[in-house]
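First up is the structure itself, then whatever we jot down about it.
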2 protein chains.
Amino acid sequence: MNEISDQLHGKGRYATRTRERVAQVLHEERRYLTAHAIHELLVARGISISLSTVYRTLELLVGLGVAATRGEESGEISYVFCTVQHHHHAVCRMCGRVEEVGCGPLARFARDLRAGQGFELEDHAIELYGRCSRCTKH
Amino acid sequence: MNEISDQLHGKGRYATRTRERVAQVLHEERRYLTAHAIHELLVARGISISLSTVYRTLELLVGLGVAATRGEESGEISYVFCTVQHHHHAVCRMCGRVEEVGCGPLARFARDLRAGQGFELEDHAIELYGRCSRCTKH
DNA sequence: ATAGGTGCAAACGGTTTGCAAATAG
DNA sequence: CTATTTGCAAACCGTTTGCACCTAT
């Protein structure tokens, strides 16, 4: 979490308590949350913050690469905490926890796709749903 | 396309010219389009239709299972023509064409995921980006 | 003839923005 | 002290809805 404030200082932006708290929620929850949900979580903790600040902070975190977004079919946008490199999200259906997973096995898939229908794979977006190890031990 | 009007009749809904045209655009374009984009395409063809009718028709088509939606990161929702069973979309980056692909190779991925981090895969959403066979022969 | 569809304009809800007051550095 | 951030309220924009009129069956 401290690297975030370093990154901010490096760009001439301030590392405020408010921003720290938004990042904190994302870091702790590790699941997809809308700006509204994040705002509610903060308010529930007795923290006073405006919804617009939540939006502005999220935009900032996405810019720093420490949060990723996803468009929901409802038209809302949700955010997760994430580390930097290319990876995918395994979303637990029970607790909502998001784990990051690599995409190694996709090489084989790409080969089949090219052979099968001549489609040249360049990039991919994957969301996986299931039960994380904690929830599997019901 | 005619099955659509049969499905509608079966549910006591009317198969109108307007609905036919929205379905037609999706069927021809075979790429993700927002309601707004579909409306513009129709208007460009000299067809008079209101944006609300486009929305209502799309909702209907999704209900029939002949269209699928995707939430864009902008907060917009886009629609593609699609057939019924579970499958994924391979989106061509050049022409935007959407091809449907199966998900067989994922079984191996699921096994690795369980072995590696104890994540029990139950479902998945995948979007693939690249160049379709037509665009590969540049 | 009647159930269902359409267009219009207004409402809705998530997101963004302008601006004055507050705060980090 | 100055640049940046924050809250508020208003604006924005994609989507949905109520209602009077129109159309398919």
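Lettering of chains follows the sequences in order, A, B, ..., and the numbering in each one begins at 1. These figures come from a predicted structure and were not determined experimentally.
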Check the distance between C:dG5's P and B:Ile4's CD1 and give it to me in whole angstrom. 15 Å
Starting at atom CD of B:Glu20, determine the distance to atom P of C:dT6, rounded to an integer number of angstrom. 11 Å
With sequence neighbours left out, write down each residue that passes side-chain contact (heavy atoms from CB on, under 4.5 Å) with B:Val62, or none if nothing qualifies. B:Ala67, B:Thr69, B:Tyr79
With distance as the sole test, does B:Arg13 use its side chain to make a donor-acceptor pair with the main-chain N or O of B:Leu60 at under 3.5 Å? no
What pairs with A:Ser5 under side-chain hydrogen bond (donor to acceptor under 3.5 Å, both in side chains), at least two apart in sequence or on another chain? none
Between C:dT6 (C1') and B:Leu42 (CG): distance, integer Å: 14 Å
Heavy-atom neighbours of B:His36 NE2 exceed 12 at 6.0 Å: no
Check the distance between D:dC8's C1' and A:His39's NE2 and give it to me in whole angstrom. 12 Å
For B:Ser78, which residues count as a side-chain hydrogen bond (donor to acceptor under 3.5 Å, both in side chains) partner, sequence neighbours excluded? B:Glu72
Residues of residues 7-18 of chain B with a heavy atom under 4.0 Å from any atom of DNA chain C, listed by number, are B:Gly12, B:Arg13, B:Tyr14, B:Thr16, B:Thr18
Taking N or O atoms only and anything under 3.5 Å, show me the protein contacts with nucleotides 17-21 of chain D, one pair per line.
residue : atom : partner : partner atom : Å
D:dG18  : O6   : B:Arg56 : NH1          : 3.4

Using atom CZ of B:Arg21 as one end and atom P of C:dG7 as the other, report the distance to the nearest whole Å. 11 Å
Using the test side-chain contact (heavy atoms from CB on, under 4.5 Å), find all partners of A:Arg56 that sit at least two apart in sequence or belong to another chain. A:Ser52
side-chain hydrogen bond (donor to acceptor under 3.5 Å, both in side chains) partners of B:Ser74, counting only residues at least two apart: B:Glu76
Nearest-nucleotide check on DNA chain D, B:Leu51 vs A:Val54; residue mapping nearer the 5' end is A:Val54
Using a heavy-atom cut-off of under 4.0 Å over every strand shown, decide if B:Ser48 touches base, sugar-phosphate, or nothing. sugar-phosphate
Roughly how many Å is it from CD1 in A:Ile49 to C1' in C:dT23, rounded to a whole number? 14 Å
Scan residues 71-78 of chain A against DNA chain C and write down, sorted by residue number, each residue with any heavy atom closer than 4.0 Å; if none is found, say none. A:Glu76, A:Ile77
Check side-chain hydrogen bond (donor to acceptor under 3.5 Å, both in side chains) between B:Thr57 and all other residues, then give those that pass, not counting sequence neighbours. none
To the nearest Å, give me how far apart CG (A:Leu33) and P (C:dG14) are. 15 Å
Hey, does the side chain of A:Ser50 come within less than 4.0 Å of D:dG7's phosphate (OP1/OP2), counting only N and O? yes
Any residue meeting ring-ring contact (aromatic ring centres under 6.0 Å, His included) with B:His27, in chain and number order, not counting sequence neighbours: B:Phe81
Residues that A:Arg45 engages under salt bridge (charged side-chain N to carboxylate O under 4.0 Å, His left out), provided they are two or more places apart: A:Glu28
The criterion is salt bridge (charged side-chain N to carboxylate O under 4.0 Å, His left out); which residues satisfy it with A:Glu3, sequence neighbours excluded? none
